[in-house]
Visitor: 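Dropping the structure in here first, questions after.
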2 protein chains.
Amino acid sequence: MENTIKKILALGLREESLPKLLPLFEKIMLPKGHMLIKAERLERFVYFIEEGIARAFCHKDGKEITFWFGSESDILLSYNSLFLNKPGYENIELLKSSVLYKLPHSALQNLYGTDLEWANWGRKLAESELIKLEEFFIARQFKTAKMCYEDFMKSSPDILQRVQLGHIASYLGISQVTLSRIRAEIK
Amino acid sequence: MENTIKKILALGLREESLPKLLPLFEKIMLPKGHMLIKAERLERFVYFIEEGIARAFCHKDGKEITFWFGSESDILLSYNSLFLNKPGYENIELLKSSVLYKLPHSALQNLYGTDLEWANWGRKLAESELIKLEEFFIARQFKTAKMCYEDFMKSSPDILQRVQLGHIASYLGISQVTLSRIRAEIK
DNA sequence: GATAAAATTTTACAATTGTTAAAAAAGAAA
DNA sequence: TTTCTTTTTTAACAATTGTAAAATTTTATC
């Protein structure tokens, strides 16, 4: 569970605190296409991606919008379910067959309520995601579709390789036709 | 300090825990146009807006991008400074003369490191901002400029009234000319 | 109230992007 | 391989949006 532990420690936890959580993990392997999390349902688990790739999407005005990609060392969860205990808008599907570590919300929430170090770990998790999202949001303001794609090529070359282009276009907020045009032009 | 306390309690703090923080607040009044936080500097304070309105902006490719508005009951801070202890990209200016409560980062950080309830308060602060930003981000994917403006009218009518249109156009990621066209059309 | 400064709207034109539909290419299954 | 399905690209056209510059309106200052 190398990638999973790397992720946990990167958020500033001391190694000595790991044993409080690790025994609660369940290792699971799931095939490509599996829907891990579905919208409008209260989800009861978070998943650490040990190996594999996933995307989160929701439905808006009949369209499917991809708003997140995760791969090795990322955590996969429904914000609404974990943070607010209510059903969310998130659908999360595996794009490749994957190895995950599964953890009940209740395990995290118990630690948050009783252990100062884990409460601060949870704080740093949310803070780091917040900064990442804000930077992505700002980076995209006033960019042309071409610039957005070039940024994506630089920041996420691995995802570009592993994910189909329709999902990437959706993630970038552009039509697939526009993405194709840009790719033809860049070559 | 009604609005400030309302904000703190809304994140799930028990009233009995307030005295640990309140004495450390300093009340300040500042005029319109005051730059509270400047980019490329390590900021040492967070501010609770008791009364007034502010915007955060950064510079990107020579352009000024407004990416946040805050008013009564919002907290005003540099994510990079508070979360990562490093200079940020955020500039924050007051758009009206304002009444604020000023708090040193060190006060919050001490509480996070010693008090379970406050550590969880900090976690919830980041989590709630994260959900808000993600929803805003998703809401904007594939929307026309007109839809973005209509959403903004609904969700932030007070800010629309109090902030000049150039800043709102920037926040929505559209040019001011486009915003003017939309407003002419809607009437 | 008069004047200057700042913010907003309008105009004209060019560039980017979306939509629909069809063609081509790539991948999966028999 | 051959066939079927899915994904990606291309084409044609329409709609949206940006840019630059000028005109108008609003706000601030004397």
Side-chain angles (χ1 to χ4, degrees), chain A residues 31-35 53 55 57 59-66 69 93-97 138-153 156-157 159-187, chain B residues 31-35 52-55 57 59-66 69 93-97 138-153 156-157 159-187:
Chain A
K32 172 174 173 173
H34 183 86
M35 290 292 308
I53 193 161
R55 74 168 179 127
F57 64 96
H59 294 279
K60 203 97 192 171
D61 313 319
K63 279 183 190 170
E64 194 182 282
I65 297 178
T66 294
F69 291 113
E93 94 174 303
L94 296 178
L95 299 177
K96 305 279 176 196
S97 76
I138 292 172
R140 245 185 40 189
Q141 291 283 71
F142 297 105
K143 293 227 162 159
T144 60
K146 188 177 172 186
M147 287 167 165
C148 289
Y149 180 67
E150 287 170 340
D151 286 357
F152 186 79
M153 282 200 300
S156 310
I159 291 178
L160 185 59
Q161 289 308 314
R162 298 162 80 190
V163 172
Q164 66 189 57
L165 293 172
H167 295 149
I168 291 171
S170 168
Y171 180 69
L172 297 176
I174 62 181
S175 72
Q176 180 162 356
V177 174
T178 297
L179 181 56
S180 253
R181 272 194 283 243
I182 290 163
R183 284 162 57 85
E185 187 193 347
I186 283 178
K187 274 175 214 155
Chain B
K32 173 175 173 170
H34 183 87
M35 290 292 307
I53 194 161
R55 74 169 178 126
F57 63 95
H59 294 278
K60 203 97 192 173
D61 312 320
K63 278 183 190 171
E64 195 183 284
I65 297 179
T66 295
F69 291 114
E93 98 175 298
L94 296 177
L95 298 177
K96 305 280 174 196
S97 77
I138 292 172
R140 244 185 40 189
Q141 290 284 68
F142 297 104
K143 294 228 163 158
T144 60
K146 189 178 172 185
M147 287 165 164
C148 289
Y149 179 68
E150 285 170 340
D151 286 357
F152 187 80
M153 281 200 301
S156 311
I159 291 177
L160 186 59
Q161 289 308 315
R162 299 162 80 189
V163 172
Q164 66 189 57
L165 294 172
H167 294 149
I168 290 171
S170 168
Y171 181 70
L172 297 176
I174 61 180
S175 72
Q176 181 160 358
V177 174
T178 297
L179 182 55
S180 253
R181 274 193 281 242
I182 289 164
R183 285 162 56 85
E185 186 192 347
I186 283 178
K187 269 176 219 156

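Chain naming here is simple, since letters A, B, ... match the order of the sequence lines and numbering starts at 1 in each.
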Visitor: Show, in sequence, the C-alpha distance, side-chain angles and deciding distance for B:Y171 and B:F152, and conclude whether the ring-ring contact (aromatic ring centres under 6.0 Å, His included) test is met.
Guide: CA-CA 10 Å; B:Y171 181 70; B:F152 187 80; 5.7 Å; yes
Visitor: Under a 4.0 Å heavy-atom cut-off, which of residues 161-173 of chain A touch DNA chain C?
Guide: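 Only A:G173 qualify.
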Visitor: First and last nucleotide of DNA chain C touching chain A, 5' to 3', heavy-atom cut-off 4.0 Å?
Guide: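 First-to-last contact on DNA chain C, by the 4.0 Å heavy-atom rule, is C:dT17 to C:dT20.
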Visitor: Reckon A:S180 has a side-chain N or O less than 4.0 Å from the OP1 or OP2 of D:dT9?
Guide: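 Answer is yes, contact under 4.0 Å.
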Visitor: Between atom CZ in B:R181 and atom P in D:dT19, what is the gap in whole Å?
Guide: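 After rounding, the reported distance stands at 11 Å.
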Visitor: When you check the phosphate oxygens OP1 and OP2 of D:dT17, does a side-chain N or O of B:S175 lie under 4.0 Å from one of them?
Guide: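 Checking D:dT17 against B:S175, no side-chain N or O comes under 4.0 Å of OP1 or OP2.
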Visitor: Please check if the side chain of A:S170 supplies one atom and the backbone of A:T66 the other of a donor-acceptor pair under 3.5 Å.
Guide: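 Between the backbone of A:T66 and the side chain of A:S170 there is a qualifying donor-acceptor contact (under 3.5 Å).
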Visitor: For A:I182 and D:dT8, give me the distance from atom CD1 to atom P, rounded to whole Å.
Guide: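 For the pair A:I182 CD1 and D:dT8 P, the rounded distance is 15 Å.
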Visitor: Under 4.0 Å, heavy atom to any atom of DNA chain D: which of residues 139-148 of chain B qualify?
Guide: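 Within residues 139-148 of chain B, the residues near DNA chain D are B:T144, B:A145.
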Visitor: Residues in side chain to side chain donor-acceptor pair (under 3.5 Å) with B:R140, at least two apart?
Guide: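 A:Q141.
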Visitor: Name all residues meeting the side chain to side chain donor-acceptor pair (under 3.5 Å) criterion together with A:S175; count only those two or more places apart in sequence or in a different chain, and write none if there are none.
Guide: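 Counting only residues at least two positions away or on another chain, A:S175 forms a side chain to side chain donor-acceptor pair (under 3.5 Å) with A:T178.
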Visitor: In degrees rounded to 10°, what angle is found between the helical axes fit to the five outermost pairs at each end of the helix from C:dG1-D:dC30 to C:dA30-D:dT1?
Guide: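 End-to-end axis angle: 50°.
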